[in-house]
Undergrad: 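Handing you this structure, nothing more for now.
No hydrogens, no waters, no symmetry mates; every other heavy atom, side chains included, goes into these values. For ligands, and for the atoms within them, numbers begin at 1 and follow the listed sequence.
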Amino acid sequence: MHSLAVSWEGDHLRALDQTRLPFEENYLVLKSVDDYIRAISEMQVRGAPLIGIVAAYGVAQAALNGADADFSRFEGDVRQAIERLRASRPTAVNLFWVLARMEGVLRANPDRSPSELAQLLLAEAQAIHREQMEADSRIGELGASLIPEGSELITICNTGELATGGKGTAFSIIRQAHLQRELKQVWVPETRPRLQGRLTAWELTRERIPFRVIADTMVGWLFSQHRIAAAVVGADRIAANGDVANKIGTYQLAVLCARHGVSFIVAAPESTFDPDCPAGVDIPVEERDAEEVLRLGDVPVLPEGYPVWNPAFDVTPAELVSYYVSEAGIKHGVRAPREQKEEQ
Ligand code: MRU
């Protein structure tokens, strides 16, 4: 299975190191469970669906690496890999959904040999990857119908090929809308502290879609100066009541969309909807190292030791969402979309 972000190379996973983009295109070779965990927790690979896909390959890798051992040692290694991967990042539910699927393969095949089980686990990881690619294409086709011709859109973070292993979620809608009826412009907040906006800018450049990058602080003024048709964003977990956890900054974007009558569209595969999570308050929000705020890459922007807070995600209440788009269809949210609101 090949994609821009990751490809299975027979006995290991090749992954594009997203911390070096857009300046360097370096590829990582993931061969041990430690390699997979490091890549996920250090955000060399990132984005909810891709985290799940990489974790699935990580379980398959543990199985392949231990396939010569006796059954109980093999099973112990694979289960330990699952537990360690489960602790790599807490917010994106795709990770937990994928690991439950991989565990299900172990449980359903107690009579298979380690090498047979390793092949079954690899096939499951590839199926998860393939299904995500299919879901992404469908999300793009469905979501594009919500975007008027010649629109200006805004997104946040990165939801493209780099984030999903397929064509992206929100990004897939943007690409499809541009193919069908040319977008005027996509506005790209840089998305401090990890600057995933530059990944989106890199992907938009590759797709020849016109864009402009802005600092995250500029969104409110942008809305008062430009007629933005919609914000199109991804999600890391959608609670049963429709609350949406996504990259930090999404909530303030949603509030500004409500103030300015801009449609707020959430795009995510079905695996991002968590029926076991009643509401946004129940979603665990990852807090990351202070270093990510104290520095901009390798450059210090604050003296070492200054107190900071670094939540990696926020939760947008369902009342601010106009549409949810998944591979299963389009669902109306609570908030009226742009065309139903009076111009502001
Ligand atoms: O911390 P990240 O970069 O993994 O966060 C990614 C996001 O918040 C994305 O918007 C989300 O995962 C959707 S990706 C299709």
Side-chain angles (χ1 to χ4, degrees), residues 3-6 15-19 21 39-55 88-98 129 131-133 135-140 143 154-175 188-203 216 231-238 244-254 264-274 280 283-289 292-293 310-316 321 324-327:
S3 63
L4 177 66
V6 292
L16 184 51
D17 181 354
Q18 301 189 24
T19 61
L21 288 171
I40 294 172
S41 51
E42 292 182 8
M43 294 174 62
Q44 290 169 313
V45 293
R46 38 135 316 271
L50 188 69
I51 291 169
I53 289 165
V54 171
S88 58
R89 289 195 77 188
T91 302
V93 74
N94 311 60
L95 172 68
F96 307 98
W97 173 81
V98 155
H129 192 175
E131 286 166 24
Q132 181 63 43
M133 289 169 129
D136 285 359
S137 302
R138 187 78 189 124
I139 287 170
I154 186 167
T155 187
I156 187 168
C157 194
N158 169 262
T159 61
E161 295 192 58
L162 294 169
T164 73
K167 288 288 176 204
T169 53
F171 195 96
S172 182
I173 294 176
I174 292 169
R175 174 195 290 106
V188 182
E190 58 182 353
T191 319
R192 265 285 276 157
R194 292 299 296 259
L195 303 176
Q196 288 93 333
R198 62 187 170 175
L199 305 175
T200 298
W202 184 71
E203 292 201 45
D216 303 335
V232 192
V233 307
D236 288 82
R237 192 186 298 231
I238 302 173
V244 177
N246 192 47
K247 179 50 52 195
I248 191 76
T250 305
Y251 171 49
Q252 65 197 30
L253 175 61
F264 190 80
I265 301 172
V266 175
E270 285 292 303
S271 54
T272 301
F273 290 76
D274 185 357
I283 299 175
V285 171
E286 178 181 15
E287 287 190 24
R288 293 185 61 86
D289 203 296
E292 294 181 349
V293 177
N310 186 18
F313 299 96
D314 58 28
V315 177
T316 297
V321 178
Y324 302 86
V325 183
S326 79
E327 69 275 28

Undergrad: Give yes or no for whether the N/O distance cutoff of 3.5 Å, strictly under, is met between Gly234 and ligand 1.
TA: no
Undergrad: Of all the atoms in ligand 1, which lie at a distance below 4.0 Å from a heavy atom belonging to Met43?
TA: 1 (O), 3 (O)
Undergrad: Is it true that, when you exclude Tyr251 itself, more than 12 heavy atoms of the residues, nucleotides or ligands shown sit nearer than 6.0 Å to its OH?
TA: no
Undergrad: According to salt bridge (Lys or Arg N to Asp or Glu O under 4.0 Å), who are the partners of Glu270, at least two apart in sequence or on a separate chain?
TA: none
Undergrad: Near Pro49, which atoms of ligand 1 are under 4.0 Å from a heavy atom of that residue?
TA: 14 (S), 15 (C)
Undergrad: I need the nearest protein heavy-atom contact for atom 15 (C) of ligand 1: residue, atom name and distance, please.
TA: Thr169 OG1, 3.0 Å
Undergrad: Should Leu253 and Val233 count as side-chain neighbours, where that means a heavy-atom distance under 4.5 Å?
TA: yes
Undergrad: Is a donor from one side chain sitting under 3.5 angstrom from an acceptor on the other, for Asp136 and Ser172?
TA: no
Undergrad: Enumerate the atoms of ligand 1 whose separation from the nearest heavy atom of Thr164 is less than 4.0 angstrom.
TA: 15 (C)
Undergrad: Do me a favour and list the nearest non-hydrogen protein atom to atom 14 (S) of ligand 1 with residue, atom name and distance?
TA: Ala163 CB, 3.7 Å
Undergrad: Using a distance-only test with no angle check, is there a side-chain donor-acceptor pair under 3.5 angstrom linking Glu292 and Asn310?
TA: yes
Undergrad: When you measure from the heavy atoms of Arg194 to every atom of ligand 1, does any distance fall below 4.0 Å?
TA: no
Undergrad: Could you walk me through whether Cys157 and Thr200 pass side-chain contact (heavy atoms from CB on, under 4.5 Å), step by step?
TA: CA-CA 7 Å; Cys157 194; Thr200 298; over 6 Å; no
Undergrad: Any heavy atom of Phe313 sitting closer than 4.0 Å to ligand 1?
TA: yes
Undergrad: Identify the closest protein heavy atom to atom 5 (O) of ligand 1: which residue and atom is it, and at what distance?
TA: Lys247 CE, 3.3 Å
Undergrad: Identify, for atom 11 (C) of ligand 1, the protein heavy atom at the shortest distance, and state residue, atom and that distance.
TA: Asp236 OD1, 3.2 Å
Undergrad: Return the residue, atom name and 0.1 Å-rounded distance of the protein heavy atom closest to atom 12 (O) of ligand 1.
TA: Ala48 N, 2.8 Å
Undergrad: Throw together a table of side-chain donor-acceptor distances under 3.5 angstrom for residues 40-48, partners on residues two or more places apart or in other chains.
TA:
unit_1, atom_1, unit_2, atom_2, d
Ser41, OG, Ile37, O, 2.8
Arg46, NH1, Gln18, OE1, 2.9
Arg46, NH1, Asn158, OD1, 3.1
Arg46, NH2, Asn158, O, 2.8

Undergrad: Indicate yes or no: at least one non-hydrogen side-chain atom of Ile53 is less than 4.5 angstrom from one of Val98.
TA: no
Undergrad: Could you see which bit of Gln196 sits under 4.0 Å from ligand 1, with heavy atoms only: side chain, backbone, both or neither?
TA: side chain
Undergrad: Tell me which one of Val244, Asp136, Thr91, Asn246 gets a heavy atom nearest to atom 9 (C) of ligand 1.
TA: Asn246
Undergrad: Determine, using heavy atoms of Ala92 and all atoms of ligand 1, whether some pair is separated by less than 4.0 Å.
TA: no
Undergrad: Any carboxylate oxygen within less than 4.0 angstrom of a Lys/Arg side-chain nitrogen, looking at Arg288 and Glu286?
TA: yes
Undergrad: How close does the nearest protein non-hydrogen atom get to atom 3 (O) of ligand 1, and which residue and atom is it?
TA: Arg46 NE, 2.5 Å
Undergrad: Considering all heavy atoms of both residues, which atom of Pro311 and which atom of Val285 are nearest to each other, and what is their separation?
TA: CB-CG1, 4.3 Å
